[in-house]
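These notes are about the structure you will find just below.
Predicted model only: the values in this text are computed from it and were never measured. To find a chain, count down the sequence lines: A is the first, B the second, and so on, and within it residues start at 1.
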2 protein chains.
Amino acid sequence: MPQKRRAPVRQSTAERIRHVSRARREKAKEELSRNILQAAGALFLKHGYEGISMRQIAEKIGYSATTIYRHYENKDDLLFAIVYEGFVKFNQALGKASKVSGDPLSRLKSVCAAYVMFGLKNPIYYQLMFMQRFDFLFEKRSAQQAPMIASFEVMQQIVTEAIQTGRLKRGDPETTSTVLWAVGHGITSLAIADPKRFSKRRLEEIMQVTMQMILSGLVDARR
Amino acid sequence: MPQKRRAPVRQSTAERIRHVSRARREKAKEELSRNILQAAGALFLKHGYEGISMRQIAEKIGYSATTIYRHYENKDDLLFAIVYEGFVKFNQALGKASKVSGDPLSRLKSVCAAYVMFGLKNPIYYQLMFMQRFDFLFEKRSAQQAPMIASFEVMQQIVTEAIQTGRLKRGDPETTSTVLWAVGHGITSLAIADPKRFSKRRLEEIMQVTMQMILSGLVDARR
DNA sequence: TACGTATGAGAACAGTGTTAATACAAAATC
DNA sequence: GATTTTGTATTAACACTGTTCTCATACGTA
C-alpha cells in the first residue's frame, strides 16, 4: 500500500503561517475558556451556583453573556466543568495520601483523614460535588469516565490489601469501602453543614472516636 | 385587686356573630394556608425546589401567585414550612423507634435503622432537610426551636443510657452520638445519591457491616 | 478582490420572584 | 340602613434569569 503523502521536509511560508496562525487562535480560544472557567469558579464558590448569573460571569471577564455559550453549552455544563476540576483535586489529594509509607491500615487512616480534610478546606467544592449536585458523581460526559470512580478505587484498593494481609476482617472489599466512604462523607458533610459545632478541637475528638470505632468498635466487651 | 371586667354570663347577639364570623374567617385562612403548603410540598417533592415556580403552585390551587405572599413571606419561607413538616415526621419516626423494648443497645440499633429508613422512604424530604438546604437544620424561626435538635437528643439520650449501663465504652455521649449520626447520614445520603448501587440487598449488606463495625470494629484482632 | 467562517454583541423571548396599585366583598361603625 | 374600614385576591409591573436569534465584524483562504 503506497503512502499517500510523503512527509514534506519543507513547508511553504504560506503553510507555516497558516499553521502558526491556527495555533495562535486555538490557544486564544482555550485561554478564554479557562478565563471563563476561572471567573465562574470563583463566583460560584463565593456566592453559590444559583447566586450567580451568566451575565455576572461575563461581566467579570469583560465579555457579553452570549460569548460564554460559545465555550460551554449552558450554565449546567459550566458548573460541571468546575465540579470536574474539584474531582481532579480531590483525586490528587486522596492519591497522595494513599502513598504514605506504612502498612495498609495506616494508609487507610491517611486516606480517610485526607478525605475529611479536603472537604473542610474546600467546603463549597465539596458541597457542589457531594451534597448539592451529586448527580454529577456518576455522570459521564464526553468520554470522560465518571469522576468519582477513581477516588473510590483508591480506597477500595487499600481495603483489599488490608483484608489480604489480614489487617481487616474478611469481607467484601467493596462493601467495606462503601461503609468507610459513608463514614467519611457523613462526618465531612455534617462538619460543613454546622461548622459552629465542629471546631478544630471538636473535630479531632470525633475523628478519634470514629477511628476507634472503625478499629475496635464501640461496644465495651469486658461486660 | 378588683377585676377589671367580670365574666359576662350573656353576650349580645352582635358580639356572638362577630366572634363566630371571625372564627370562620380565620379557619378559612388557615385552610388556604394548608392548601398552599400541600400543593407546594407535592410539587417541590416531585420537581425540586428550583423546578417549581410560585405561579405554578398558585395555578395548582386555583389562585393567583400573589395570594401566596399573604400566607408566606416568600418562596424560601414556604420551603422552610415544608421542611419543617419533614422534621416533624422525622422526629416521630425516630421517637417511635426509640420506644422499642430491649436494652439501650438494641434501641440504638432501632433508631439508626429508622434514620436510614426515613431517608430512603422520603428521599426528597431528606435531600431538602439534610443535603441541599441544611441551613434550615439549626435555624430558628418564629419561636420554634431548631427542629433538628429534638431528633438528635433522642439519639443522645439512648447513647447516654448505653454508656451508663456499660453497654458502650466510656466516653462523651455527645461525641459518640455525633459519630453515629454521621454514619447514618453518610449511608443514607450515599444511598439517595446513587440508588442504582444501593439495591435493597446491597443496603442490607452495608447496614450489617456497619453494625458490626460500630459494635466490634473492623480490625481482625486475632492477628 | 471576494468568499466563507469564526467570534463577538445586542435584542428579544419566555419565564422567574416579588411588589405596588387596584378592585371587590365582607365586617364594623355610625 | 348607609358608610367607612378592613381583609382578600387580582392585575400590572419591575428587575432579573438562562438562552436563542440575528447581525456585525474581523480573519483565514482562494
Side-chain angles (χ1 to χ4, degrees), chain A residues 11-37 39-41 43-44 46-82 132-133, chain B residues 11-37 39-40 43-44 47-82 132-133:
Chain A
Q11 295 176 307
S12 71
T13 55
E15 268 176 333
R16 265 186 294 140
I17 285 175
R18 184 169 45 185
H19 183 265
V20 169
S21 164
R22 184 191 184 84
R24 174 169 45 80
R25 285 175 53 141
E26 270 178 13
K27 192 181 156 194
K29 179 159 188 172
E30 257 184 44
E31 196 172 338
L32 181 49
S33 272
R34 272 207 313 278
N35 272 351
I36 293 172
L37 202 67
L43 290 173
F44 285 166
K46 187 176 282 182
H47 302 99
Y49 179 65
E50 309 286 348
I52 290 298
S53 73
M54 297 297 262
R55 288 172 177 83
Q56 285 172 300
I57 298 169
E59 195 185 6
K60 176 153 187 177
I61 54 173
Y63 281 86
S64 150
T66 49
T67 295
I68 299 177
Y69 287 87
R70 214 170 283 287
H71 297 258
Y72 300 92
E73 238 180 71
N74 50 33
K75 199 186 175 188
D76 207 68
D77 194 42
L78 188 50
L79 177 62
F80 179 80
I82 290 160
Q132 271 159 18
R133 294 302 302 262
Chain B
Q11 296 178 308
S12 70
T13 54
E15 268 177 334
R16 266 188 293 138
I17 285 176
R18 185 167 43 184
H19 184 265
V20 169
S21 164
R22 186 192 183 84
R24 174 168 46 81
R25 283 172 58 141
E26 269 178 14
K27 193 181 156 194
K29 181 160 188 173
E30 257 184 44
E31 197 173 336
L32 181 49
S33 270
R34 273 206 313 278
N35 272 354
I36 293 172
L37 201 67
L43 290 173
F44 284 166
H47 302 98
Y49 179 64
E50 308 287 348
I52 290 298
S53 73
M54 297 298 261
R55 288 171 177 83
Q56 284 172 302
I57 298 168
E59 196 187 3
K60 176 154 187 176
I61 54 173
Y63 280 85
S64 149
T66 50
T67 296
I68 300 178
Y69 287 86
R70 205 172 291 283
H71 298 258
Y72 300 92
E73 236 180 71
N74 49 34
K75 199 186 174 188
D76 207 68
D77 194 43
L78 188 50
L79 177 62
F80 179 79
I82 289 159
Q132 271 158 17
R133 293 303 300 264

Check residues 56-69 of chain A and write down every donor-acceptor pair under 3.5 Å in which the side-chain atom is one partner and the other belongs to a residue at least two apart or another chain.
unit_1, atom_1, unit_2, atom_2, d
Gln56(A), OE1, Ser53(A), N, 2.8
Gln56(A), OE1, Ser53(A), OG, 3.3
Ser64(A), OG, Thr66(A), N, 3.3
Ser64(A), OG, Thr66(A), OG1, 2.9

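The side chain of Lys29(B) places no N or O atom within less than 4.0 Å of a non-bridging phosphate oxygen (OP1 or OP2) of dG7(D). Between Thr67(A) and dA9(C) there is a side-chain polar atom (N or O) within less than 4.0 angstrom of OP1 or OP2.
Remark: Met54(B) CE to Ile36(B) CD1 distance equals 8.5 Å, nearest 0.5 Å.
Between the CG atom of Asp77(A) and the C1' atom of dT19(D) there is a distance of 14 Å, rounded to whole Å. Rounded to a whole Å, the OH atom of Tyr63(A) is 14 Å from the P atom of dG10(C). Going from atom CD1 of Ile61(A) over to atom C1' of dG8(C) covers 12 Å, rounded to whole Å.
Within 4.0 Å (heavy atoms only), Leu32(A) reaches sugar-phosphate atoms of the nucleic acid but no base atom.
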**Prompt:** Where along nucleotides 12-21 of chain C does protein come under 4.0 Å, by heavy atom, of base (B) or sugar-phosphate alone (S), with - for untouched nucleotides?
**Reply:** B---BBBBB-

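The heavy-atom pair separating Leu37(A) from Ala81(A) by the smallest distance is CD1-CB, 3.4 Å.
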**Request:** For the pair Arg34(A) and Glu31(A), evaluate side chain to side chain contact (heavy atoms under 4.5 Å, CB included) and give the outcome as yes or no after the intermediate values.
**Result:** CA-CA 5 Å; Arg34(A) 272 207 313 278; Glu31(A) 196 172 338; 4.1 Å; yes

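Pairs passing the salt bridge (Lys or Arg N to Asp or Glu O under 4.0 Å) check and including a residue from residues 66-81 of chain B, sequence neighbours excluded, read Asp76(B)-Arg133(B), Asp76(B)-Arg141(B), Asp77(B)-Arg141(B).
With sequence neighbours excluded, no residue satisfies ring-ring contact (aromatic ring centres under 6.0 Å, His included) with Tyr72(A).
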